[in-house]
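Working notes for the structure below.
Heads up: numbering here begins at 1 and tracks the sequence. When a ligand or atom number is given, it counts from 1 through the structure's own listing order.
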Amino acid sequence: MEGRGKLIIVSNRLPVSLSRKGGKLQYQRSVGGLATGLASFYREYNSTWVGWPGIAAEKVKDDAQNIKRHLKRENCVPVFLPQSVVEQFYHGFCNKTIWPLFHYFPTYAVFSDTLWNAYKRGNQLFADVLEDILRPGDTVWIHDFHLMLLPAMLRKRIPDLSIGFFLHIPFPSSEIFRLMPWRDEVLRGLLGADLVGFHTADYVGHFLSSVRRILGYENSFNQVLTERRMIQADVFPMGIDYKSFRDAVSSPEVKKEIEKIKQRVKDNKVIISVDRLDYTKGILQRLVAFECFLNRYPDWRGKVTFILLVVPSRIGVERYAQLKRELDEMVGRINGKYGTIGWIPIWYLYRAVPKEVLSALYAVGDVALITPLRDGMNLVAKEYVASKINGDGVIILGELAGAAREMGEAIIVNPLDKGQVAKAIQQALEMSLGEKAERMIAMQQRLERYDVVRWANDFVERLRYTKEKQMVFSGKKLIGEEEKKLHEDYKKAKRRVLFLDYDGTLVGFKDKPEKAKPDEELIKILQRLIGDEKNDVVIVSGRDPYTLQNWLGELRINIIAEHGIWIKEVDEEWAMIELFDNEWKEKVRPILDLYTDRTPGSFVEEKEFSLVWHYRRCDPILATVRARELKDALLQLIANLKIGVLEGNKVLEVKNTSINKGRAILHWLAKADYDFILVIGDDWTDEDMFEVVPQEAYSIKVGFGISKAKYRLDDPDEVRNLLKKLGGAL
Ligand code: GDG
């Protein structure tokens, strides 16, 4: 589309797979749900899909150019991964570390630096290919757990991109996620995106709580605020190509397959299940439950056939080979124990089947038994529902599949509770057609509406919206022409005043307030500014006068302390701006002490005219709850006093309400006729200053967040650079 950048889809595997048969290259197109869902974008945007074609780079070395040309016709661009990367990145970190950990099998997870390095390398190889294709303004949609570092890598290389990331597997509870030694890097990788999507609200919650606990970034309305950007997390339950599954069952090819199966099962009721061979799918536990069913409901023996389709996967990996052996044994044992000459309880198919056969299985299945131990979503459940066009089917769904969150009309079970699953099978087999249809239709209506195309559109729309939303948070960066204008105005000016907040503006935040002492560079910057006799430089801080005197007393600088209680002008003594009474402290202090005892890591700072409760070093979840409780308690207590409770950056401050930085700087604004006013600050206490300065003043917010300031700079380093330039280079 004109005026809009390109849309690039990135996933570990391309929708086209390459293989070599007898020396000849073969291309195989996958018709998976993702490819279908994204197809509409190919028409709308000038779209490209970037991914690994499924064969090691060494095997296609001489054909690389040919392959690229061939794939280009399919709008695909290959990322060639060397054999060692395939082994340690894909088969290694992806399948042996992330997959088990994110599916709540921490004991299966391998934590190895070698594999982690390969993961980084794999992500870098993707970033290298993408860097050549992407231009500022483009949109990238990255898929799944193989590429969690890629968002930040791309953001670093080309900052002006719209980056979406979607995780197809569960995001585990922070208690599991934190086990990963490289958890910080993984989260920072994901936070390179603008929008991070998940299948369920639980996964969003787990992600946000990991970000908060591990990186310390707060969130509200599913928005994470880092120092620089707002990142949106949201729920997008992936849909299926509903119509294709619905219509398939009426096609002649599928009807033929249905007939074949029916001839074999005769009048028996059919239970089906379809899974890739994986320990997360709960196949063994399902068989245990099926055996329990045969045991507890003997009337059903001989009248039901369980078609168990298991698709081979990760062949050659010992854990999977072991699972396969156990599965073979268990099927054999149950069939041996309960089978008769004319009846085999479990039909076990260990292979992939063509789509027509799959549709036929869905169609003949009276019951679908889908009970994974963990599953991001589980599309089989949705495909089964779409295929039951006359409503004559029941789905039994494990509560640990993402799909269970949306498919409340299914019989929801705990996959490990064999008695419950057995009972659910009996209930499903005996359910009336009326009830079955009622449940099916409700699910079908939802699945038809929110199909895979709608899902994909929804995600891309939301990404666009997130980009717009970010503008509100980030304000206008002081760069280019406007920065130039500021410098010109500064030079031209005859009388200037500079109001500078201290913490978060001139120095970064430290875990202890006393660690933020000015360094040599800062002192020099201030000296240069003070040295210019046209300048009045005013430090406007929330800190106490003693500390500020200690740190800055040597300089001939103006200081406002404690948000405007104390004032010290050059060559004068400290004085109070007006008289404030302090009696309220006696009432408030015990409450703050009580909350300090109840919240490990918090402490109270007593300033002359305020009390501050600090909670930066506390467990963030507990601290947020406590801060809210404390605020409520204080608000009740101070209702009749002339004091207020103000929320700052991980602090609650109780003080006289007539004290604020804006009021304090009025003293200067009234004093002289300045033709250049600069005010810089980073938090809500500085907003009072932004509000009182005249229209023509330069007001700058440090960091991002909604602000009344005209401009924005990213961090104290950028503030120092600006001040250095104003004062003349150091
Ligand atoms: C991830 C997450 C999440 C299966 N056997 C055959 C066959 N299939 C098709 C099914 C279905 C797909 O494979 C499997 O669906 P899953 O939902 O398990 O998806 P995965 O791609 O394995 O995994 C998962 C999903 O991503 C989507 O976000 O739901 O939780 O792990 O479409 O129809 N297709 C054919 N023959 C088979 O034998 N033709």
Is there a side-chain contact between Q232 and V224, using heavy atoms and a 4.5 Å cut-off?
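Contact flag for Q232/V224 side chains = no.
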Could you name the option among [options] that has the heavy atom nearest to [atom]?
atom                    : options               : answer
atom 18 (O) of ligand 1 : K281, R374, R276      : K281
atom 33 (O) of ligand 1 : E356, E383, R13, H143 : E383
atom 36 (N) of ligand 1 : V353, D144, L309      : V353

Identified side-chain hydrogen bond (donor to acceptor under 3.5 Å, both in side chains) counterpart of R246 within the set E383, Q444, E448:
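Option passing the side-chain hydrogen bond (donor to acceptor under 3.5 Å, both in side chains) with R246: E448.
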Side chain or backbone, does [X] bring an N or O within less than 3.5 Å of an N or O on ligand 1?
X    : result
V274 : no
I169 : no
N378 : yes
V380 : no
H103 : no
H168 : yes

What part of M238, side chain from CB on, backbone N/CA/C/O, both or neither, has a heavy atom under 4.0 Å from ligand 1?
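The answer is the side chain of M238.
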Region of L358 engaging ligand 1 - heavy atom pairs below 4.0 Å
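L358 to ligand 1: side-chain contact only, backbone stays beyond 4.0 Å.
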Tell me if the CD1 atom of I344 is crowded by more than 12 foreign heavy atoms within 6.0 Å.
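Open.
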R333 atom CZ, over 12 foreign heavy atoms within 6.0 Å
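Atom CZ in R333 is packed in, count exceeds 12.
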[Y] versus [X], side-chain donor and acceptor atoms under 3.5 Å:
X    : Y    : result
T280 : R374 : no
N268 : T305 : yes
Y348 : D328 : yes
E326 : Q322 : yes

Mark up the atoms of ligand 1 that fall under 4.0 Å of a heavy atom belonging to [X], in ascending order.
X    : answer
K355 : 39 (N)
M377 : 3 (C), 24 (C), 29 (O), 30 (O)
D375 : 24 (C), 30 (O), 31 (O)
A352 : 38 (O)
G376 : 30 (O)

Between N123 (side chain) and L149 (backbone), is there a donor-acceptor pair under 3.5 Å?
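Yes, N123 side chain to L149 backbone: donor-acceptor pair under 3.5 Å.
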At their closest point, which heavy atom of S273 faces which heavy atom of D275, and how far apart are they?
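S273 and D275 have their closest heavy atoms at OG-OD1, 3.8 Å.
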